[in-house]
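Both counts, for ligands and for their atoms, begin at 1 and track the order of listing.
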Amino acid sequence: MNILLTGGAGYIGSHAAVALAQAGHQVVLFDNFCNSRHEVAQRLQTIIGHPLVVIEADIRQTDLLEKALRDHAIDAVVHFAGLKAVGESVAEPIGYYANNVQGTISLLQAMHNTHVKTLVFSSSATVYGVPHYLPLDESHPTSATNPYGRTKLHIEEMLGDVAQSDPTWRIACLRYFNPVGAHDSGLIGEEPNGPPNNLMPYLARVASGQLPQLNIFGNDYDTPDGTGVRDYIHVMDLAAGHLAALDFLTTHPHGRYVFNLGTGQGYSVMEMLRAFETVVGKPLPFHIAPRRAGDVASCYANPGFAASQLNWRAKLDLKAMCESTWQFQQRAARG
Ligand code: NAD
Ligand code: WQD
């Protein structure tokens, strides 16, 4: 298939590009590079072994999206493009709605106008809000605790309406849990601008000496060691989940489907720190800080629906997540 990846130069999109290209698909990246580096395209070519098309544009430029869909005879779109920083979304909600929601409307218009009706959307476990029970399955009630999460909920709802209105659409919303790790080449990985918000890139910068210590946000949660528990999933497992979702959409009836992409296994912040220390081979400085506003004690997936429907399961363990993060940090990350 010819597959357009919006946000394809970003962290998850670039890893999915590798998985899709290596499975024999033609991938076209469509990215405005607002949160990614131009070097990613070159590095992807090194990994994949052949050039790939990169279009530098904003998804709100509907005419350019339409042109890309037509020029490259696109069969399906994987829609990664979006802003994702929770704190920033609280400070700048208009920008988040404009980029994520308006951007998705623009994409849907372009797809509608060019009769490309197969879409995989990057959703998030954040749509479950505060967990009522664990593990989280797809029928857990949804809610938003911040504007970023609300953009994901709005988009999922829009996609439901679109699928309902026209029986030729096939849409999968993939609710990612906590993606971490990097491709084993060490050439691509997660590279946030400025101090990382997320645990793994923060740990990597503490290990490399760019940050003095890890601040552990609370050790008085109702968890085995008091620190927050999350479902960390290796980004290459996540990438494989996109391949599985596209295979599913092309072999199943129309509609909008929702799948959790997680491992089902929760690890605490302290367990993550210890696992990273083992890989790095030295103790890492940390400090117990107050809880971070908006955090929950535990969040992890029931991955059973994706396993039964997509024939997909996460395979890579915590050691692989830490090793690949550290390899990328040493080989190719900024700084
Ligand atoms: P990322 O920031 O690394 O990648 C997003 C890419 O989209 C970037 O390359 C950015 O330049 C591009 N982009 C943003 N707005 C754009 C626009 N208007 N037009 C064109 N390109 C644009 O983020 P990521 O971690 O790879 O996340 C990808 C998707 O997955 C996002 O939609 C995010 O909300 C979702 N998601 C991420 C996580 C996570 O923890 N990383 C978890 C759940 C869901
Ligand atoms: C993980 C754990 C922190 C940093 C976020 C978004 C979510 C989704 C994934 C997009 C928590 C603790 C962290 C640090 C710490 N993104 N922590 N010190 O909050 O589960 O999810 O990313 O959809 O929407 O909210 O991930 O990596 O920030 O935190 O102690 O410096 O690590 O408190 O327990 P989170 P995270």
Report task. Hey, can you tell me if Y148 and Y96 have their rings parallel, tilted or perpendicular (30° and 60° cut-offs)? Result ->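 Aromatic pair Y148/Y96 classed perpendicular.
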Query - Heavy atom of A57, distance to ligand 1 below 4.0 Å - result: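 True for this residue.
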Query raised in the report: Quick one: nearest non-hydrogen protein atom to atom 3 (O) of ligand 1, plus distance?
Result: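 Ranked first by proximity to atom 3 (O) of ligand 1 is Y11 N, 2.8 Å.
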Query raised in the report: Does H132 have any ring-ring contact (aromatic ring centres under 6.0 Å, His included) partners at least two apart in sequence or in another chain, and if so, which?
Result: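 Listed in chain order: H140.
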Report task. Answer yes or no for S123: is there a heavy-atom contact with ligand 1 below 4.0 Å? Result ->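 Judged by the 4.0 Å heavy-atom criterion, S123 does count as contacting ligand 1.
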Report task. Just need the protein heavy atom nearest to atom 2 (O) of ligand 1, so name the residue and atom and give the distance. Result ->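 Sorting protein heavy atoms by distance from atom 2 (O) of ligand 1 puts N35 ND2, 2.7 Å first.
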Are any protein N/O atoms closer than 3.5 Å to the N/O atoms of ligand 2? If there are, list each pair with names and the distance to one decimal place.
from: ligand 2; atom 1: 18 (N); to: N215; atom 2: O; distance (Å): 2.7
from: ligand 2; atom 1: 19 (O); to: R292; atom 2: NH2; distance (Å): 2.8
from: ligand 2; atom 1: 20 (O); to: N178; atom 2: ND2; distance (Å): 3.0
from: ligand 2; atom 1: 20 (O); to: R230; atom 2: NE; distance (Å): 2.6
from: ligand 2; atom 1: 22 (O); to: N198; atom 2: ND2; distance (Å): 3.1
from: ligand 2; atom 1: 23 (O); to: S124; atom 2: OG; distance (Å): 2.7
from: ligand 2; atom 1: 23 (O); to: Y148; atom 2: OH; distance (Å): 2.6
from: ligand 2; atom 1: 26 (O); to: N178; atom 2: ND2; distance (Å): 3.1
from: ligand 2; atom 1: 27 (O); to: N198; atom 2: ND2; distance (Å): 3.3
from: ligand 2; atom 1: 27 (O); to: L199; atom 2: N; distance (Å): 2.8
from: ligand 2; atom 1: 28 (O); to: N197; atom 2: O; distance (Å): 3.4
from: ligand 2; atom 1: 28 (O); to: N198; atom 2: ND2; distance (Å): 3.1
from: ligand 2; atom 1: 28 (O); to: R292; atom 2: NH1; distance (Å): 3.3
from: ligand 2; atom 1: 28 (O); to: R292; atom 2: NH2; distance (Å): 2.9
from: ligand 2; atom 1: 29 (O); to: R292; atom 2: NH2; distance (Å): 3.4
from: ligand 2; atom 1: 30 (O); to: N215; atom 2: O; distance (Å): 3.4
from: ligand 2; atom 1: 30 (O); to: F217; atom 2: N; distance (Å): 2.9
from: ligand 2; atom 1: 33 (O); to: D295; atom 2: OD2; distance (Å): 2.6

Query raised in the report: Is the closest basic N to carboxylate O distance between R60 and D58 below 4.0 Å?
Result: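 Yes, this pair counts.
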Query raised in the report: Should D237 and K315 count as an ion pair when the cut-off is N to O under 4.0 Å?
Result: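 No.
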**Report entry** Contact check, N99 vs ligand 1, heavy-atom distance below 4.0 Å
**Finding:**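 It does; at least one heavy atom falls under 4.0 Å.
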Requested in this report: Measure the distance from atom 27 (O) of ligand 1 to every protein heavy atom, then report the residue, atom name and distance (to 0.1 Å) of the closest one.
Outcome: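 Closest protein heavy atom to atom 27 (O) of ligand 1: I12 CD1, 3.8 Å.
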Query raised in the report: Side chains of P285 and V206: does their closest heavy-atom pair fall under 4.5 Å?
Result: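 A side-chain contact exists here, since the closest heavy-atom pair is under 4.5 Å.
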Requested in this report: Could you tell me the residue and atom name of the protein heavy atom closest to atom 13 (N) of ligand 1, and the distance to it rounded to 0.1 Å?
Outcome: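 Scanning the protein heavy atoms, the shortest distance from atom 13 (N) of ligand 1 goes to N32 OD1, 3.5 Å.
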